[in-house]
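Presented below is the structure to which this report refers.
The shown structure was predicted, so the numbers you read here are calculated from the model rather than taken from an experiment.
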Amino acid sequence: MDHVSKNFEAANALRKGRLAKGYSLEELAITTGLTTAEIAAAERGDDVPAHNLERIVQALK
């Protein structure tokens with residue numbers, strides 16, 4: 001599996017996790033202290049800082 005496929009799978013998992021918890025992008029942004037653009041980037045599979053991913057993952061637990 002290549003880097004792009006892994007990013008897509010991880011991004012898809014983040015989006016599914018957010019939706020499963022009932023969060024909108026705006027609500028998750030408030031919860032994590034990130035911007036909606038930062039969360040959207042993570043959900044697209046863009047390269048984002050690891051600490052941003054960690055904040056999202058923690059909020060979705």
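- Closest approach of Thr32 and Ile56 over heavy atoms only: CG2-CA, 4.1 Å.
- Taking every heavy atom of both residues into account, Leu60 and Tyr23 meet most closely at CD2-CD1, 3.8 Å.
- Applying the side-chain hydrogen bond (donor to acceptor under 3.5 Å, both in side chains) rule to pairs touching residues 50-61 yields Glu54-Gln58, sequence neighbours excluded.
- What you find for Val48 and Ala41 is that their closest heavy atoms are CG1-CB, 3.9 Å.
- Atom CG in Leu14 sits 9.5 Å away from atom CD1 in Ile39 (nearest 0.5 Å).
- The two residues Gly45 and Ala11 come nearest to each other via the heavy atoms N-CB, 3.3 Å.
- Taking CG from Asn7 and CG from Asn12, the interatomic distance works out to 12.0 Å, rounded to the nearest 0.5 Å.
- Within the structure, salt bridge (charged side-chain N to carboxylate O under 4.0 Å, His left out) pairs that include any residue of residues 11-37 comprise Arg18-Glu43 (at least two apart or interchain).
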